[in-house]
Amino acid sequence: MEYIKRIPETPSFSKGGMNGYSLNLENKNISIDIEDVYKGHEKYCTNTVSSHIYYVIEGNGKFKINEEIYLVKEGDIIEIPPNTEFVFAGKMKLLLIMNPSFDIKNNIDGKENDLYD
């Protein structure tokens, strides 16, 4: 078993305004990603099963959660429960923990991000 996890050198996924780096965990009940956000999440997102817990490692930005805007900065933790619509924008590095782990079939994409300046 590999006990020490390292962030991959190349992105595991890209979504227009960010690059994501997924860690390969033995525990399949959670997923952990590092998101290098240079613009934001392309579309609003709602996950029907998983909670999203974001930690702002560096930078700042804004999250729009259920139509309310929150300014976030380094050190903040954002908890988004299942069935909650959200989007974000800014220049920041985020740690994302999802429980249960990410599954594309539980994700609903919404309208385009309206937080871009």
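The analysis underlying the following values was restricted to heavy atoms, covering all of them including side chains, and did not include hydrogens, waters or symmetry mates. This is a predicted model, so every value here is computed, not measured.
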Could you measure the distance from the [atom1] atom of [X] to the [atom2] atom of [Y]? Nearest 0.5 Å is fine.
X: Ile32; Y: Ile30; atom1: CD1; atom2: CD1; result: 4.5 Å
X: Phe86; Y: Ile80; atom1: CZ; atom2: CD1; result: 4.5 Å
X: Leu96; Y: Leu23; atom1: CG; atom2: CG; result: 10.5 Å
X: Asn107; Y: Lys43; atom1: CG; atom2: NZ; result: 12.0 Å
X: Asn60; Y: Met92; atom1: CG; atom2: CE; result: 8.0 Å
X: Glu35; Y: Met18; atom1: CD; atom2: CE; result: 4.0 Å

Shortest non-hydrogen contact from [X] toward [Y]:
X: Ser50; Y: Met98; answer: CB-CE, 3.6 Å
X: His41; Y: Val87; answer: O-CG2, 3.6 Å
X: Ser51; Y: Pro81; answer: OG-CA, 4.0 Å
X: Ala89; Y: Tyr116; answer: CB-CD2, 4.0 Å
X: Leu94; Y: Ile57; answer: C-CD1, 4.1 Å
X: Ile69; Y: Lys64; answer: CG1-CG, 4.0 Å

Which is it for Asp36 and Ile34 under the side chain to side chain contact (heavy atoms under 4.5 Å, CB included) test, yes or no, and what are the steps along the way?
-> CA-CA 7 Å; Asp36 189 9; Ile34 300 293; 5.7 Å; no

Within the side chain of [X], is there an N or O that forms a donor-acceptor pair under 3.5 Å with the backbone of [Y]?
X: Thr46; Y: Asn83; answer: no
X: Asn113; Y: Phe88; answer: yes
X: Lys5; Y: Asn24; answer: yes

Does [X] reach the side chain of [Y], with side-chain heavy atoms less than 4.5 Å apart?
X: Leu115; Y: Phe63; answer: no
X: Asp33; Y: Ser22; answer: yes
X: Asn19; Y: Ser14; answer: yes

Any salt bridge (Lys or Arg N to Asp or Glu O under 4.0 Å) involving residues 88-106? Give me the pairs, sequence neighbours left out, ordered by first then second residue.
-> Asp103-Lys105

For the residue pair Asp76 and Tyr54, confirm or rule out a side-chain donor-acceptor distance under 3.5 Å.
-> no

[X], [Y]: one ILVMFWY side-chain cluster at the under-4.5 Å cut-off?
X: Ile78; Y: Tyr55; value: no
X: Phe102; Y: Leu95; value: no
X: Tyr3; Y: Leu25; value: no

Report the residues that fulfil side-chain contact (heavy atoms from CB on, under 4.5 Å) with Tyr70, sequence neighbours left out, ordered by chain and then residue number.
-> Ile65, Glu68

